[in-house]
2 protein chains.
Amino acid sequence: MKLSSQAQAFVLHFGEMGSRWGFNRTVGQMFALLTIQSEPLNADQLAQALKISRGNVSMGLKELQAWRLVELHHLPGDRKDYFTAAGSIWDLARTVFEERRKRELDPTLTLLRQLLLNEPQDEQETLAQQKMQEVYDLLELLDQFANTLSRLEQKDLLKLMKLGSGISKLLELKARAKGGSTKPT
Amino acid sequence: MKLSSQAQAFVLHFGEMGSRWGFNRTVGQMFALLTIQSEPLNADQLAQALKISRGNVSMGLKELQAWRLVELHHLPGDRKDYFTAAGSIWDLARTVFEERRKRELDPTLTLLRQLLLNEPQDEQETLAQQKMQEVYDLLELLDQFANTLSRLEQKDLLKLMKLGSGISKLLELKARAKGGSTKPT
DNA sequence: TTGTATTTTCAGAAATTTCTGAAAATTGTA
DNA sequence: TACAATTTTCAGAAATTTCTGAAAATACAA
């Protein structure tokens with residue numbers, strides 16, 4: 001497995017960005033390679049192509065499986081495990097998006113729900129809780145919205161994302177359809 | 001500056017989550033504290049409340065300023081710099097969202113634009129470039145959509161986020177209004 | 001079974017990131 | 001100008017994360 005300089009650059013970049021997207025360098029690289037590679041790869045091929053240890057590949061694959069970003073395959077007459085990216089680019093993006101929502105929002109929502117159960121003991125705490133409630137409301141809304149988006153059919157999601165500033169007009173349209181003011185701005 | 005156990009928990013949690021949101025532990029803590037605190041705080045107060053070094057606070061504040069998440073204030077008769085969170089919770093969320101879009105998408109878009117300029121040299125590279133093009137198209141669309149969302153007026157953003165699965169219906173509504181098929185599904 | 005291929009685990013090494021604290025730089029005052 | 005208050009810087013220490021590679025575990029075939 002020799003990587004073209006193109007592939008090399010792509011893979012290294014995903015390694016660098018990895019930490020911003022929620023995984024470490026080598027997991028990012030493995031994900032990138034499996035994404036541009038059409039043929040399934042086994043652990044040894046990954047280790048060799050990325051020049052990392054076999055053990056690291058094993059851990060990385062475990063993590064990619066936890067993210068549900070890779071699929072396991074078997075080739076007839078070969079006992080090795082082979083992996084491909086799990087689905088189309090859109091599928092992968094959706095999965096990353098969902099996983100990140102879970103990891104970045106849910107723990108905070110859980111904590112805030114807890115904290116907001118307590119009675120504030122003084123002025124100071126009352127103010128702090130007000131802020132926490134605001135944070136909670138916003139994150140809760142964001143969480144639901146992210147959920148809605150990731151459940152949307154690709155066709156609809158595409159339409160929505162292509163609307164651009166047309167979104168405002170559409171929302172206005174809806175307001176009128178529902179029986180709001182009939183006077184357009 | 002004594003933190004209530006509520007505030008303590010909130011601050012520590014933001015510290016833990018920090019790395020997932022794009023900043024390190026102490027920056028996360030400082031941000032959290034400034035968010036629930038209504039009064040401006042100076043660097044010494046932050047260091048004392050969070051039990052971290054003065055130097056660390058200085059670096060943290062610099063980073064929060066780079067994120068445009070804090071505002072500098074001066075109190076009459078006091079030479080120290082005082083800081084507050086920059087704006088409402090919604091403002092803060094919007095800022096974090098924008099900054100993250102820049103940091104997480106833009107570098108990759110730039111790289112992919114570059115790579116896609118090269119002529120593929122063989123079958124292998126052609127396939128890889130096809131995938132890269134797909135990744136590019138998706139990230140580009142996502143980037144523009146994120147941009148649109150962060151420019152939306154709060155009122156509209158709120159409406160949109162509250163739509164839930166009503167989004168599909170709204171998109172359908174729009175299709176009809178534009179003169180699509182008149183037969184609803 | 002036994003043997004071989006393959007994967008997983010995990011202790012310690014290496015790399016990276018974060019943090020401290022003292023010194024340097026800056027700012028404002030008199 | 002001299003001086004005191006404040007902030008910033010940054011070398012090295014500490015903490016954390018990532019990675020390696022050998023050993024253990026597992027899976028499968030004969």
Side-chain angles (χ1 to χ4, degrees), chain A residues 1 11-34 40-67 70-84 103-104, chain B residues 1 11-34 40-67 70-84 103-104:
Chain A
M1 270 278 326
V11 160
L12 290 180
H13 178 82
F14 266 57
E16 299 304 313
M17 297 301 285
S19 56
R20 294 189 183 169
W21 299 337
F23 20 77
N24 71 33
R25 175 170 31 222
T26 44
V27 170
Q29 292 179 354
M30 291 171 56
F31 180 42
L33 183 49
L34 291 174
L41 294 178
N42 64 43
D44 286 323
Q45 292 173 311
L46 284 166
Q48 189 249 312
L50 302 175
K51 301 198 197 349
I52 59 179
S53 76
R54 186 59 186 67
N56 198 358
V57 170
S58 180
M59 292 187 299
L61 285 170
K62 222 172 72 176
E63 180 157 4
L64 285 173
Q65 283 174 303
W67 278 81
V70 293
E71 235 160 46
L72 177 59
H73 301 269
H74 282 108
L75 304 190
D78 190 337
R79 279 164 64 174
K80 288 199 177 70
D81 291 344
Y82 283 80
F83 295 88
T84 58
R103 290 161 204 240
E104 296 178 13
Chain B
M1 268 278 330
V11 160
L12 290 180
H13 178 82
F14 266 56
E16 300 303 315
M17 297 301 286
S19 56
R20 293 188 184 171
W21 298 337
F23 20 77
N24 69 37
R25 177 173 25 225
T26 45
V27 170
Q29 291 177 355
M30 292 170 57
F31 180 41
L33 183 49
L34 291 173
L41 295 178
N42 65 41
D44 286 324
Q45 292 173 311
L46 284 167
Q48 188 249 313
L50 302 175
K51 300 198 196 358
I52 59 179
S53 75
R54 187 58 186 69
N56 198 359
V57 170
S58 180
M59 293 187 297
L61 285 170
K62 222 172 71 177
E63 180 156 6
L64 285 173
Q65 282 173 304
W67 279 82
V70 293
E71 236 161 43
L72 177 60
H73 301 268
H74 282 111
L75 303 190
D78 191 336
R79 280 165 63 174
K80 289 199 176 69
D81 292 343
Y82 283 79
F83 295 87
T84 58
R103 290 160 204 240
E104 297 178 12

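These values consider heavy atoms only, across backbone and side chains, with no hydrogens, waters or symmetry-generated copies. Labels below follow one simple rule: chain letters A, B, ... track the order of the sequence lines, proteins then strands, and each chain is numbered from 1.
Within the nucleic acid shown, A:D81 comes within 4.0 Å of sugar-phosphate atoms alone, with no base atom in reach, counting heavy atoms only. Here B:L61 lies out of heavy-atom contact (under 4.0 Å) with every strand.
Summary of helix geometry: the two end axes of the helix from C:dT1-D:dA30 to C:dA30-D:dT1, each defined by five base pairs via their C1' atoms, are inclined to each other by 20° (rounded to 10°).
A salt bridge (Lys or Arg N to Asp or Glu O under 4.0 Å) check over residues 45-56 of chain B, counting only residues at least two apart or in different chains, returns the pairs B:D44-B:R54.
Atom NE2 of A:H73 and atom CG of A:D78 lie 13.5 Å apart (nearest 0.5 Å). A:L61 CG to A:N56 CG: the interatomic distance, rounded to the nearest 0.5 Å, is 9.5 Å. Once rounded to the nearest 0.5 Å, the distance linking CG of A:L41 with CG of A:L46 reads 5.0 Å. In this structure, CD on A:E16 lies 10.5 Å from CH2 on A:W21, to the nearest 0.5 angstrom.
Counting all heavy atoms, side chain and backbone alike, B:F83 lies closest to B:L34 at O-CD2, 3.5 Å. For the pair A:A49 and A:L33, the tightest heavy-atom approach, listed with the atom from each and the gap, is CB-CD2, 3.9 Å. For the pair B:M30 and B:L64, the tightest heavy-atom approach, listed with the atom from each and the gap, is CB-CD1, 4.0 Å. The two residues A:F14 and A:G28 have their closest heavy-atom pair at CB-O, 3.6 Å. When every heavy atom of A:H74 is checked against every heavy atom of A:R79, the shortest pair comes out as CD2-O, 4.4 Å. In this structure, B:Q29 and B:V11 approach most closely via the heavy-atom pair CG-O, 3.5 Å.
Remark: B:R20 pairs with no residue by the salt bridge (charged side-chain N to carboxylate O under 4.0 Å, His left out) rule, at least two apart or across chains.
Rounding to whole angstrom units, CG of residue A:L75 and C1' of C:dT6 are separated by 14 Å. Here the P atom of nucleotide D:dT8 and the CG atom of B:L72 are 9 Å apart, to the nearest Å. In this entry the distance linking CG of A:L41 with P of C:dT6 reads 16 Å, nearest Å. Rounded to whole Å, atom P of D:dC10 lies 17 Å from atom CD of B:E63. What separates OH of B:Y82 from C1' of D:dA5 is a distance of 13 Å, to the nearest Å. Distance NE2 (B:H74) to C1' (C:dT27): 10 Å, rounded to an integer number of Å. Between the CG atom of A:L46 and the P atom of C:dT7 there is a distance of 11 Å, rounded to whole Å. For A:H73 and C:dT6, the NE2 to P distance is 18 Å, given to the nearest whole Å.
A heavy atom closer than 4.0 Å to some atom of DNA chain C occurs in B:N24, B:R25, B:T26, these being the qualifying members of residues 18-26 of chain B. If you check residues 27-34 of chain B against DNA chain C, you find no residue with a heavy atom closer than 4.0 Å.
Under 4.0 angstrom from either OP1 or OP2 of C:dT9 there lies at least one side-chain N or O belonging to A:K62.
Checked against D:dT7, C:dT20, C:dT6, the side chain of A:K80 finds its nearest nucleotide in C:dT6.
When side chains are defined from C-beta on, B:F31 does not count as touching B:E63, because their heavy atoms never get closer than 4.5 Å.
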List, with names and distances, any nitrogen or oxygen atoms from the protein found under 3.5 Å away from nitrogen or oxygen atoms belonging to nucleotides 21-29 of chain D.
unit_1: D:dA27; atom_1: N3; unit_2: A:R79; atom_2: NH2; d: 3.3

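Listed for the A:Q45 side chain is a donor-acceptor partner under 3.5 Å among the backbone atoms of A:N42.
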